[in-house]
Amino acid sequence: MIRYLGKRILFMIISLFLIITVTFFLMHSIPGGPFTSEKNVPDEIKKSLEAYYGIDKPIGEQYVDYLKRVITWDLGPSFSEKSSTVNDVINRGFPVSAHLGLQAIAIAITGGITLGVIAALRHNKWQDYSAMVIAVLGLSVPSFILAAFYQYFFAIKWGLFPIAKWETFEHTVLPSFALSALPMAFIARLTRSNMIEVLAQDYIKTAKAKGLNTIVITVKHAVRNALLPVITYLGPLTAGILTGTFVIERIFGVPGLGREFVLSITNRDYTVIMGTTVFYSIILIVMVLLVDIAYTIVDPRIKLSDAGKE
Amino acid sequence: MQNNIQLTKELFEPISVDLRQAEEIKRPSLSFWADAWRRLKMNKVAMASLIFIIVLLLCAIFIPILSSNDYFTTDLAGKNKKPSAEHWFGTDDLGRDMFVRVWYGARISLEVGIAAAIVDLIIGIIWGGIAGFYGGKVDEVMMRIADILFAVPYLLVVILLMVVMPPGVGTIIIALTITGWIGMARIVRGQILQLKSQEFVLAARSLGADSKRLIFKHLIPNTLGPIIVTLSLTIPSAIFAESFLSFIGLGVAAPIASWGTMSNEGLPAMKYYPWRLMFPAIFISITMLAFNLLGDGIRDAVDPRLRK
């Protein structure tokens, strides 16, 4: 276990290093520096600006500098917003995104598991079919379309919720639901197929034969085992929620990190793009590792080792 | 225990054993693919999706050629027009005909989806096939490389590449496949690891088949089931990624528009000119739905456990 973990963490570090390196060199392969867009800047000012930001040095030296700064968690200045650094952008945007994301994850997990369990218990009946129709729609309709749809009906037509901005709890409802649709559909499908498999097992028959009622069988025996594989989905779930925030925050005008990221892409604000990519990568890679560890704790049958891998 | 029935010899008679009957095949003999196709045909939802996709493909090819409108001519006097006999889906903010633009968008989405899936397939089969077949050190090194790449967040890499490379369909396909092949490679490798210790491989090997022949003639054809299932689900995810990229402004360059770009342009005008968002949105959703349902159908059809 410890050997395996050590190996995993080593790979994690290699992956991160790779991401930082690739990001750095990709950003520097673009013709023109961050100050080429400014018109009529005298050469001396441009020179001193470049010297100030350290981009007049040879690329190798800049790369080493960048690595050093990333390790000390200093992601550099933002080129389009002169007054703030990338760290400021992340500190400002991430709490909002995390709030939105956690709310969406909560909706996705509760909604998805409920749909999946109902579908499995009523396998091949109308409840099953309608739950799976909802799930396949959730997988097929891109979140930006769903978001626009919500805005059109719930905000413009019926005026139930505010259309955009991020102030009160009411403002968080539509974005959270729009963001949770895809992972909810995924969890529902996963839960359903696991539940169906578990319900066909002998120990469920035993429980029935003992005379336990359906609720006890479902909750205590079936759901518990059916949910195990759902835990493995938590890693990709975080990834989905993170990338989902790029469009959802843009549509609903939520001042989160996802919107900042998309804005930095539009403005070609390279340090922000780099910094945010590195930040997101760390979150995702660490999440996947944590999920793997959590999985072994929850399910003692699974051993994290190289021997059991094949 | 008491038994009132008298068992006499007359009660028993030998059944004539007909050996030919034992050999008789009750069901028509079907190859794996014939059976999969038969089961897919019984699945009405999957067949409807397949027909929809074929119609969509044909329309995407022919409507832009046959239509009297084109996708780039602007008409500022006739901008934001409602759907009418002249412009079936209305016009956009530059007066361009939405109907033709939607079908051009279909071309791009399908092109990206299918091309990305095929590139994933080729790289995945070669990489996974070699790793699984040779095993040992080769497998170790190849799969570690895949693991490291797999840990790199997919959409972030795609976004990064799109920022750096010139916009266009080719760029999107490259960006989507650069880490997209790993899933396929893993599946192929897993299947080949299972298959390669089976007797038919030993038989082929003892008949003198070389590695290339073993991989491509014996092992890969036996893994086609999971490969096709993965392929059928790669297409919608590539279409989805393309529309996502276009939506955040990293898609194809104007005047060409994909469904994602059109949704992006239609969004601010949603309140007053809803058709500008509605048509591309409906098309993405239904296309994704059809591909997902067809993929589910194929998965069920090639799963031997579900055979009836």
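Chain A is the first sequence line, chain B the second, and so forth, proteins listed ahead of strands; every chain is numbered from 1. Computed from a prediction, not measured in an experiment: that's the story for all the values here.
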*Structural part of B:Leu289 lying under 4.5 Å from a heavy atom of chain A*: both
*Would you say A:Phe186 has more than 12 foreign heavy atoms packed within less than 6.0 Å of its CZ?*
no
*Side chain from CB out, backbone as N, CA, C, O: work out which of these in B:Phe291 comes under 4.5 Å of a heavy atom of chain A, or both, or neither.*
neither
*Of the listed residues (A:Thr23, A:Leu289, A:Leu18, A:Val22), which shares the most heavy-atom pairs with chain B below a 4.5 Å separation?*
A:Thr23
*If you count heavy-atom pairs under 4.5 Å between each of B:Val157, B:Leu161, B:Asn264 and chain A, which one has the most?*
B:Asn264
*Of the listed residues (B:Ser243, B:Pro280, B:Gly260, B:Gly266), which shares the most heavy-atom pairs with chain A below a 4.5 Å separation?*
B:Ser243
_So for A:Ile285, is it side chain, backbone, both, or neither that comes closer than 4.5 Å to the heavy atoms of chain B?_
side chain
*asked:* Using every non-hydrogen atom in the two residues, find where A:Arg189 and B:Asp296 come nearest and quote the distance to one decimal.
replied: NH2-OD1, 2.9 Å
*Non-hydrogen atoms of chain A under 4.5 Å away: do they reach the side chain of B:Ile282, the backbone, both or neither?*
neither
*More than 12 heavy atoms of other residues, nucleotides or ligands under 6.0 Å from CZ of A:Phe24: is that the case?*
yes
*asked:* Using 0.5 Å steps for rounding, measure from the CZ atom of B:Arg144 to the CG atom of A:Leu10.
replied: 11.0 Å
*Contact winner vs chain B - A:Tyr152, A:Phe144, A:Phe11, heavy-atom pairs under 4.5 Å*: A:Phe144
_Choice from B:Ile248, B:Leu250, B:Leu160 maximising heavy atom contacts with chain A below 4.5 Å_ = B:Leu160
*What part of A:Val262 is in contact with chain B, defined as an atom under 4.5 angstrom from a non-hydrogen atom: side chain, backbone, both or neither?*
side chain
_Atom CZ of A:Phe149 with >12 non-hydrogen neighbours under 6.0 angstrom_ = no
_side-chain contact (heavy atoms from CB on, under 4.5 Å), paired with B:Ser285, selected from A:Leu146, A:Leu137, A:Ile145_ = A:Ile145
_To the nearest 0.5 Å, what is the distance between CD1 on B:Ile286 and OG on A:Ser140?_
10.5 Å
*Nearest-0.5 Å distance, CE of residue B:Met288 to CG of residue A:Leu139*: 7.5 Å
*Would you indicate whether the side-chain heavy atoms of A:Phe246 and B:Phe247 approach each other to under 4.5 Å?*
no
_Once rounded to the nearest 0.5 Å, what's the spacing between atom OG of B:Ser263 and atom CD1 of A:Ile251?_
9.5 Å
_Between A:Leu242, A:Thr276, A:Ile156, the one whose heavy-atom pairs under 4.5 Å with chain B are most numerous_ = A:Ile156
